[in-house]
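First up is the structure itself, then whatever we jot down about it.
In each ligand, atom 1 is the first atom listed, and ligand 1 is the first ligand listed.
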Amino acid sequence: MKKIIASIALAAAIGSGSAALAQDEDITIALVPGLTTDAFYITMNRGAQVAAEALGITVEFQGAEEFDPVLQTPVLDAVIARGPDAILVAPTDSTQMIEPLRRASDAGIPIITVDTFIDDGSYQDGSGDGDFPLAYIASDNIGGGRMAARAMAEAIGGEGAVYVSNLRPGISTTDQREEGFKAEMAENFPDIQVLDTQYNENDASLAASQFQAVLARNPEVKGVFGANLFSALGAGNGVESAGKSEDVTVIAFDAPGSIVNNISSGLVDAAIAQHPAEIGYFGVMAAYAHLKGESIPTTIGTGFTVIDAENVDDEATQKFIYSE
Ligand code: T6T
């Protein structure tokens, strides 16, 4: 008897499952990246589309062409005006994007931040101006900065001067990477001196010329930590044009094909590859669960893979190289 009841219940569950799927065709989630032309966000969208396909819903990818809150705000306003069921967004400034995102929340659109956060990144705990997003889904950026510091320390033999090439202050991810990098050096590598950070506005050419300037002031410089894709790409190019690839270690955050090629050629020593496809996938899944009335965690942490000369050609490493 029990068996019969169980199979009736199972049939009912399957039935209601497919009814739910039919309605899901109408669900649209907007994914607003930091910028559209960055392999990191392109890969995030790839993961988001895998989830969308599995769920039978639509994910629309729309963003600005540069990583800039002034450009991201009108894109977000246009997205809000279309009234998607939820918004996944990588805010390009942790304070300046609070008010634009509040407009979405006030319009009744659930917000999840992916990659970057607003305010202190701790949501739904009743504190702070930017407490309203439902969840934050990202890499552990402080931990990633610490990983970069350990890779740098090992490559330069635990002593010498290094610096961080970074985007601009006020961005949660890159601020935290720098914080983690410096904390690890201060705690565990007292013979490594961290010189002043060079901010490049996400411009690889500027990051490259900044290396030349740092080298002119500190000819003994032994390493550069490029705290995001364009910083790392620029740092590598700067080191190469100065003819210093034998003497200067470059540790990259992010792993597009161009940086992976630089690992193969020996210009970049290691890349801390984020898992952006996971961020996109779990972002969509979390938004969907919320739309279906389920509770979701306020934070989801995704992983890293360190790519270096040892594993760059391994089959297992290939899926962590970003799509471009
Ligand atoms: O490093 C990623 C992202 O995590 C960061 O917030 C901004 O820069 C990237 O998009 C790489 O360009």
For this session: Going by the side-chain contact (heavy atoms from CB on, under 4.5 Å) test, name the single residue among D115, T302, T43 that passes it with Q274.
Result: D115
Exercise. Is it true that R177 lies under 4.0 Å from ligand 1, counting heavy atoms only?
Worked result: yes
Exercise. Taking NZ, NE, NH1 and NH2 as the nitrogens, is one of them in E187 or R146 under 4.0 Å from a carboxylate oxygen of the other?
Worked result: yes
Seminar exercise, completed: If you scan protein heavy atoms around atom 10 (O) of ligand 1, the nearest is D38 OD2, 2.7 Å
Problem set entry | Contact partition for I171 relative to ligand 1, non-hydrogen atoms under 4.0 Å | neither
For this session: Verify the ring-centre separation between F320 and H275: is it less than 6.0 angstrom?
Result: yes
Exercise. To which of D115, N228, T43 does the heavy atom nearest atom 5 (C) of ligand 1 belong?
Worked result: D115
For this session: May I ask you to check whether Q72 and T92 show a side-chain donor-acceptor distance below 3.5 Å?
Result: yes
Exercise. Between Y163 and D196, do the side chains contain an N or O donor and an N or O acceptor separated by less than 3.5 Å?
Worked result: no
Exercise. Roughly how far, to the nearest 0.5 Å, is CD1 of I156 from CG of D247?
Worked result: 12.5 Å
Exercise. Closer than 4.0 angstrom: is that true for some heavy atom of F253 and an atom of ligand 1?
Worked result: no
Exercise. Using the benzene-type ring in the case of Trp, are the ring centres of F304 and F253 under 6.0 Å apart?
Worked result: yes
For this session: Report, in ascending order of atom number, the atoms of ligand 1 lying under 4.0 Å from any heavy atom of L229.
Result: 11 (C), 12 (O)
Exercise. Which of the atoms in ligand 1, numbered in the order shown and given with their element, are less than 4.0 Å from a heavy-atom of T173?
Worked result: 5 (C), 6 (O)
Seminar exercise, completed: For F230, the ligand 1 atoms with a heavy-atom partner under 4.0 Å come out as 12 (O)
For this session: Give a yes or no on whether a salt bridge exists between D24 and K292, defined as a side-chain N under 4.0 angstrom from a carboxylate O.
Result: yes
Exercise. Looking only at N/O atoms, are T174 and ligand 1 under 3.5 Å apart anywhere?
Worked result: no
For this session: Output yes when the distance from some N or O of ligand 1 to some N or O of D254 is under 3.5 Å, and no in every other case.
Result: yes
Seminar exercise, completed: For Q274, the atoms of ligand 1 under 4.0 Å from one of its heavy atoms are 1 (O), 2 (C), 3 (C), 4 (O)
Problem set entry | Exercise: do S165 and Y199 side chains pair donor with acceptor under 3.5 Å | no
Problem set entry | Within reach of ligand 1, part of Y41 (heavy-atom separation under 4.0 Å) | side chain
For this session: Identify, by atom number and element, the atoms of ligand 1 in contact range of F40, meaning under 4.0 Å from any of its heavy atoms.
Result: 2 (C), 3 (C), 4 (O), 10 (O)
Seminar exercise, completed: Here the atoms of ligand 1 under 4.0 Å from any heavy atom belonging to T116 are 6 (O)
